[in-house]
Protein chains: 2
Amino acid sequence: MAMNIEQIIAKFHEEGFKVTPQRLAICEYVLSSKDHPTTDMAYAEVKRKYPTLSLATVYQTLHLLADIGLLQELEMDDRVSRYDPNTSPHINIICKNCGMVEDYDAKDMAKLWSEIVKGLGFEPIGQRIDVYRYCEKCLKKVKIKKTRGVSLV
Amino acid sequence: MAMNIEQIIAKFHEEGFKVTPQRLAICEYVLSSKDHPTTDMAYAEVKRKYPTLSLATVYQTLHLLADIGLLQELEMDDRVSRYDPNTSPHINIICKNCGMVEDYDAKDMAKLWSEIVKGLGFEPIGQRIDVYRYCEKCLKKVKIKKTRGVSLV
DNA sequence: ATTTAAATAATAATGATTACAATTTAAGAA
DNA sequence: TTCTTAAATTGTAATCATTATTATTTAAAT
Ligand SMILES: [Mn+2]
Ligand SMILES: [Mn+2]
Ligand SMILES: [Zn+2]
Ligand SMILES: [Zn+2]
């Protein structure tokens with residue numbers, strides 16, 4: 001995880017939000033996750049430690065974390081959002097069949113991205129860079145019904 | 001619009017789909033649009049010419065066009081999808097406050113993108129490149145409540 | 001220890017999207 | 001042209017992730 005628990009607590013304090021066990025548990029899970037979890041995934045996992053946890057709290061907390069810049073929300077094909085603790089410019093490799101997401105950090109991504117952004121005429125407040133494909137597992141299953149393919153040039 | 005009506009008809013034929021007046025009217029509107037319309041926008045506009053048009057048909061047709069690669073669906077913050085007839089690698093400049101989307105075609109975008117994609121180890125079936133900001137209109141209104149900002153490096 | 005504004009939990013409401021079934025129609029065959 | 005039929009359209013109901021609401025609990029300041 002990019003931030004340790006003390007840093008997260010400090011961040012909450014400086015943003016003026018209360019530090020609660022629910023928030024810390026959700027942070028601990030989602031900020032260290034590599035699989036771009038959904039709200040339900042976070043709920044299921046954190047509920048094991050906090051059985052009284054409410055789904056509403058998970059929604060609220062993930063939105064809060066997005067608001068303060070610790071998470072990026074990724075709206076997906078199946079309309080179930082996923083949350084990405086990596087908020088820097090990087091590629092999300094996404095399977096168009098099963099929705100699996102993995103990060104890809106090109107070695108000179110920052111440089112190439114700044115090159116692209118250079119001509120915009122303003123300073124972006126964020127970005128989303130997706131590359132779509134069918135993952136190995138889905139390619140084996142063969143039955144890709146809907147392509148949703150888009151031009152590559 | 002990238003495609004004229006004859007090309008659209010030919011595309012439907014070669015894909016094995018029927019050519020209907022509803023489909024053609026929806027295509028005519030959405031494939032020439034510059035503002036990344038929603039389903040409702042397409043419905044409202046096309047219904048003026050085809051008063052019997054059903055919203056279900058608009059949903060079905062936009063999905064069909066995405067399936068055959070003539071549109072890209074963009075799932076947005078407000079969970080209302082927008083449709084982009086530009087399926088080539090290009091930047092969508094999106095206002096995080098009002099949701100306005102505009103295209104930005106960097107002059108050497110294709111080159112820079114191929115540079116980025118080079119190291120992936122597979123051939124993508126599509127991509128989505130968003131840059132977020134607050135548009136001029138929203139910046140004037142000042143009251144930006146939720147930032148949802150993400151790291152820029 | 002008190003106070004209180006904020007957070008949580010439980011649940012209801014929302015609304016874009018999807019599913020469904022009856023009707024219509026595009027398009028190929030006769 | 002007329003017939004046939006699978007596909008498309010329509011109108012509406014169902015779905016379900018998300019958001020709103022409200023009573024209760026609690027973090028943290030006094
Ligand atoms: Mn990512
Ligand atoms: Mn676009
Ligand atoms: Zn997959
Ligand atoms: Zn705006």
Side-chain angles (χ1 to χ4, degrees), chain A residues 5 8-27 30 36-44 46-68 71 73-83 99 145-146 148, chain B residues 5 8-27 29-30 36-44 46-47 49-68 71 73-83 99 145-146 148:
Chain A
I5 203 73
I8 293 167
I9 291 173
K11 181 73 174 175
F12 279 143
H13 282 152
E14 77 189 42
E15 295 279 349
F17 296 114
K18 290 184 177 177
V19 176
T20 68
Q22 291 93 333
R23 281 178 176 170
L24 291 181
I26 292 166
C27 283
V30 74
H36 303 71
T38 64
T39 308
D40 278 340
M41 288 164 71
Y43 178 59
V46 179
K47 200 175 174 62
R48 294 172 55 194
K49 291 289 171 60
Y50 286 86
T52 66
L53 183 71
S54 166
L55 182 58
T57 297
V58 179
Y59 273 102
Q60 179 254 82
T61 299
L62 294 180
H63 285 156
L64 174 66
L65 293 175
D67 286 345
I68 65 180
L71 276 186
E73 179 175 355
L74 299 174
E75 300 82 21
M76 306 290 284
D77 275 0
D78 62 3
R79 355 222 93 247
V80 181
S81 282
R82 307 189 73 137
Y83 290 87
K145 54 246 102 196
K146 296 191 174 185
R148 299 277 172 105
Chain B
I5 204 73
I8 293 167
I9 291 173
K11 180 73 173 173
F12 279 142
H13 281 153
E14 77 190 42
E15 295 280 348
F17 296 113
K18 290 184 178 176
V19 175
T20 69
Q22 292 93 333
R23 283 178 175 170
L24 291 181
I26 292 167
C27 283
Y29 169 69
V30 73
H36 302 73
T38 64
T39 308
D40 278 340
M41 288 163 70
Y43 178 59
V46 179
K47 200 176 174 63
K49 290 290 171 58
Y50 285 85
T52 66
L53 182 72
S54 167
L55 182 57
T57 297
V58 180
Y59 272 103
Q60 179 255 80
T61 300
L62 294 179
H63 286 155
L64 174 66
L65 293 175
D67 287 345
I68 65 180
L71 276 186
E73 180 175 354
L74 300 174
E75 300 83 20
M76 307 290 283
D77 275 0
D78 62 2
R79 355 222 91 250
V80 181
S81 282
R82 307 188 72 135
Y83 290 86
K145 36 321 4 245
K146 297 191 173 181
R148 301 277 173 102

Original post:
Rounding to a whole Å, what distance do you find between B/D67:CG and D/dA7:P?
Top reply: 16 Å

Original post:
Just how far, in rounded Å, is C1' of D/dA7 from CZ of B/F12?
Top reply: 13 Å

Subject >> Spacing of A/K18 atom NZ relative to D/dT25 atom P, expressed in whole Å >> reply: 15 Å

Subject >> Test log, rule side-chain contact (heavy atoms from CB on, under 4.5 Å), inputs A/D40 and A/L55 >> reply: CA-CA 8 Å; A/D40 278 340; A/L55 182 58; 3.9 Å; yes

Subject >> Check against side-chain contact (heavy atoms from CB on, under 4.5 Å), B/T61 and B/Q22 >> reply: CA-CA 9 Å; B/T61 300; B/Q22 292 93 333; 5.7 Å; no

Subject >> Distance-minimising heavy-atom pair for A/K11 and A/I68 >> reply: CE-O, 3.5 Å

Original post:
Can you tell me if A/R23 uses its side chain to pair, donor with acceptor, with the backbone of A/F17 under 3.5 Å?
Top reply: no

**OP:** Would you kindly compare B/D78 and B/V19 by the position of their nearest DNA chain C nucleotide and give the one closer to the 5′ end?
**Re:** B/D78

**OP:** Give the minimum heavy-atom separation between B/T57 and B/I26, together with the two atoms involved.
**Re:** O-CD1, 4.2 Å

**OP:** Over all heavy atoms of both residues, which pair between A/A25 and A/Y50 is shortest? Give the atoms and the distance, please.
**Re:** CB-CE1, 3.6 Å

Quick test: give all pairs of protein nitrogen or oxygen and nucleotides 9-15 of chain D nitrogen or oxygen below 3.5 Å, distance rounded to 0.1 Å.
residue: D/dT9; atom: OP1; partner: B/T20; partner atom: OG1; Å: 2.4
residue: D/dT9; atom: OP2; partner: B/Q60; partner atom: NE2; Å: 2.7
residue: D/dT9; atom: O3'; partner: B/Q22; partner atom: NE2; Å: 2.8
residue: D/dT10; atom: OP1; partner: B/Q22; partner atom: NE2; Å: 3.1
residue: D/dT10; atom: OP1; partner: B/T52; partner atom: O; Å: 3.2
residue: D/dT10; atom: OP1; partner: B/T52; partner atom: OG1; Å: 3.4
residue: D/dT10; atom: OP2; partner: B/S54; partner atom: N; Å: 2.9
residue: D/dT10; atom: OP2; partner: B/T57; partner atom: OG1; Å: 2.7
residue: D/dT10; atom: O5'; partner: B/T52; partner atom: O; Å: 3.2
residue: D/dG11; atom: N7; partner: B/S54; partner atom: OG; Å: 3.4

**OP:** For the helix from C/dA1-D/dT30 to C/dA30-D/dT1, figure out the bend between the end axes, five pairs an end, and round to 10 degrees.
**Re:** 40°

Subject >> Bounds of contact between DNA chain C and chain A, in 5' to 3' order, using a heavy-atom cut-off under 4.0 Å >> reply: C/dA5 to C/dT17

**OP:** Tell me whether the OP1 or OP2 atom of D/dT18 has a side-chain N or O from A/H63 closer than 4.0 Å.
**Re:** no

**OP:** Could you list the residues that satisfy side chain to side chain contact (heavy atoms under 4.5 Å, CB included) with B/V80, not counting sequence neighbours?
**Re:** B/T38, B/D78

Subject >> pair B/V30-B/L65: side-chain heavy atoms closer than 4.5 Å >> reply: yes

**OP:** Check side chain to side chain donor-acceptor pair (under 3.5 Å) between B/Y43 and all other residues, then give those that pass, not counting sequence neighbours.
**Re:** B/K47

**OP:** Apply the test side-chain contact (heavy atoms from CB on, under 4.5 Å) to residues A/T20 and A/F12: give CA-CA distance (whole Å), side-chain angles for both, the deciding distance (0.1 Å), then the verdict.
**Re:** CA-CA 10 Å; A/T20 68; A/F12 279 143; over 6 Å; no

**OP:** Apply side chain to side chain donor-acceptor pair (under 3.5 Å) to B/S81 and list each qualifying residue two or more places apart in sequence or on a separate chain.
**Re:** A/R79, B/E73

